[in-house]
Protein chains: 2
Amino acid sequence: MRTPPRRPTLADVAAQAGVSTALASIVMRDAPGASDATRRRVLDVADRLGYHPDSRARLLRSGRSRLLGVVFGVQHAFHGDLVTGLYEAAAPLRYELTLSAVTPRRDERTAIGGLLQDRCEALLVLGPQSPTSALATLASRLPVVALGREIRHRAVDVVRNADCQGLHQAVDHLVGLGHRRIVHVDGGRTPGTAERRRGYRDAMRRHGLEREIRVVPGGPTGEDGAAAAATLLDTVPPPEGPTAITVFNDLAATGVLDTLRRAGLSVPGDVSVVGYDDSRLARLTYLDLTTIAQDTATMTTLAIARAVARIEGQDVLQREQVIPPHLVVRGTTAPPPPAPSQIFGKTTAPGA
Amino acid sequence: MRTPPRRPTLADVAAQAGVSTALASIVMRDAPGASDATRRRVLDVADRLGYHPDSRARLLRSGRSRLLGVVFGVQHAFHGDLVTGLYEAAAPLRYELTLSAVTPRRDERTAIGGLLQDRCEALLVLGPQSPTSALATLASRLPVVALGREIRHRAVDVVRNADCQGLHQAVDHLVGLGHRRIVHVDGGRTPGTAERRRGYRDAMRRHGLEREIRVVPGGPTGEDGAAAAATLLDTVPPPEGPTAITVFNDLAATGVLDTLRRAGLSVPGDVSVVGYDDSRLARLTYLDLTTIAQDTATMTTLAIARAVARIEGQDVLQREQVIPPHLVVRGTTAPPPPAPSQIFGKTTAPGA
DNA sequence: ATGAAAGCGCTAACAA
DNA sequence: TTGTTAGCGCTTTCAT
């Protein structure tokens, strides 16, 4: 009762349709050189038989795979957004994607290895963790595009977010609202941390707020944000308490929000908070987080375009493409409270 | 300066090593029938040339692909957990996974189509959205295993969570802590909602609490949870306010938590909250959410085992495998507050 | 232990 | 428009 194990081949289709395999191939590939009648007949049979071309054989023969390998982290919500964009960008160029996941127990090396066996023509690595040298070696075999992390090697293409600029926007927004005591919770050892921190510092200076610059060590997770906020609540004496916090990313920002609110503070009434990434966390929940959105559509389009350009041997002008992000104002930012002081410190009575 | 476009083939390796391709093949596959000296020499050359076997050619020839297709949603954090488990379960059986993502703009049909061309030997679909009929048609061509959704068709294998039982555990836990007024925020139109709701009702009855049964319409998102909690705060008169809430999933539970805390209530001091899934949300953040964990390790192992069993034509006893989840106690559940009333409602009036 | 030869399903020349 | 032929990179008999 269960299916015959063998799937139909092109030869089966051709035979049933009474044509040669070559002709059937032409039809299946939608290539010129077959009459409409034949075309219909072949497609008909193919459909009836449930025929699907064997990409392996097809690509083996044609020498090319038109396959782009994508390495991503199943963990990262943001990678999901990027993968979405990559699929869309690849389709019109008639390239396919094969995905290989990095999981807690499957490292990037393994993920890349799998892709190599699939004969991808280029590799797109989202937030690569491998050392530059490993990526460089790889890049000597096939085009490699790194997304979202700076790689300083001439053989590796890079498409990334202008982290620095993102924090300029966050600070500009807050200053525009009237904030002056703005702190930054950084990303710890996460890639991008240094740039975002620098962006924060530069922007503060530009606004003449160098004396207000204060960076709190943080990290990429919710706990990191929560811990940083707790530190802030504990250590900054009430008169100097910040009225706004820029956080390394959205997830950490949620940790900050939670700690603030548990301490009885209102966001954005008492303190404003800005995240980074515009992840689903910021968008899709009740959180309504003001954040800096990475332009995923542009980033993915450029990444695919670059990979294809390399594959097709076109000349490439700039190895690194840095895309400006943009501010998305939502509900966690507002003008600072009129009274300039009694915000931070442990002895703040919860709201009536 | 850029790499010669052609990658090394087995023939290249064989030539350089001074052996036949057949022998080189034996070495590369780690098959018996080659001397140690030869083995070393061939592997050496392969390494030096950066040779990676062409899986397409390899599998084309051997007639099998040992490839399992996985359809997953890039959106769903929980799918990330499952994919992680699937990779682990497949490796020891020497099967590979190829991933195909469902994104907001790439539907399940498309995702499955891609996999079919890759000549997977079976398909694992996480949380399938396709109609049963479509899955059934597919299953007539190759083994199909659905994860996490009930599919009523004899040709489709199913591995899923015992949703009903999960809510039993949640209610048992809360009752054990001394709660009686336990409400359930359901999942709206999300698959699994009905079962979880039923589990809640059954468990309440079993504890003689049928009069306390109260289901609030909810949904799978944070907003849904927040809205449901708001409704609860507004409508339930203070003396009857619940002391515990079981929520459809973790994400919605975070919405509930947020609303509760913004309303000045303490969790778990005033109200206990239990989620579902044990997603990273529950585990990895400051949230510390008590929840019902789906046993992803078992589910993925069974799913892979089932797919392989079907591929290898083994007899299968039960089409559907329903895995019991387990309670994970964290910080959002505690005994109910001593005073039985003044929890919900805007006017905190201690009843007599 | 090693090699020669055939062929997996398909596409690309070329011929008819 | 259609068919014939060769061969992609590899594994698999079957010799040696």
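Naming convention: chains lettered A, B, ... in sequence-line order (proteins, then strands); numbering from 1 in each chain.
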(request) Could you go through the side-chain hydrogen bond (donor to acceptor under 3.5 Å, both in side chains) check for R29(B) and S25(B) one step at a time? (result) CA-CA 6 Å; R29(B) 277 176 294 137; S25(B) 170; 3.0 Å; yes
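Counting non-hydrogen atoms under 4.0 angstrom, S25(A) reaches a base of the nucleic acid. Using a 4.0 Å heavy-atom distance criterion, L60(A) is classed as a base contact. Using a 4.0 Å heavy-atom criterion, one finds that G63(B) contacts no nucleic acid atom at all.
Here CD of E108(B) is found 9.5 Å from CG of L138(B). Values are rounded to the nearest 0.5 Å.
For the pair M28(A) CE and dT11(C) C1', the interatomic distance rounds to 13 Å; values are reported in whole Å. Atom pair R39(B):CZ and dA1(C):P shows a separation of 8 Å (rounding to whole Å applied). Look at CG on L59(B): it is 15 Å from P on dC10(C), rounded to the nearest Å. Between the CG atom of L23(A) and the P atom of dT11(C) there is a distance of 12 Å, given to the nearest Å. Remark: C1' of dG3(C) and CD1 of I26(B) are 10 Å apart, rounded to the nearest angstrom. Rounded to a whole Å, the CZ atom of R56(B) is 13 Å from the C1' atom of dG9(C). Atom NE2 of H52(A) is separated from atom C1' of dG9(C) by 16 Å (rounded to the nearest Å). Counting to the nearest Å, the P atom of dT1(D) and the CZ atom of R40(A) are 14 Å from each other.
Residue R29(A) has a polar side-chain atom (N or O) positioned under 4.0 Å from OP1 or OP2 of dA12(C). OP1 or OP2 of dT2(C) has at least one side-chain nitrogen or oxygen of T38(B) nearer than 4.0 Å. At the phosphate of dG3(C), OP1 or OP2 sits under 4.0 Å from a side-chain N or O atom of S20(B). Here R58(B) reaches the OP1 or OP2 of dT11(D): one of its side-chain N or O atoms lies under 4.0 Å away. OP1 or OP2 of dT2(D) sits under 4.0 Å from a side-chain N or O of S35(A).
In this structure, of dT11(D), dT11(C), dT2(D), it is dT2(D) that holds the atom nearest to the side chain of A34(A).
Side-chain contact between V71(A) and L115(A) is present, with at least one heavy-atom pair separated by less than 4.5 Å. Contact check for D277(A) versus Q294(A): side-chain heavy atoms found under the 4.5 Å cut-off.
Taking for each of R61(B) and D54(A) the nucleotide of DNA chain C with the nearest heavy atom, the 5'-most of the two is the partner of R61(B). Taking for each of P32(B) and A57(B) the nucleotide of DNA chain C with the nearest heavy atom, the 5'-most of the two is the partner of P32(B). Residue order along DNA chain D, read from the 5' end via each residue's closest nucleotide, puts G33(A) first among G33(A) and T21(A).
In summary, E121(B) and R66(B) do not engage in a salt bridge, as defined by a charged side-chain N under 4.0 Å from a carboxylate O.
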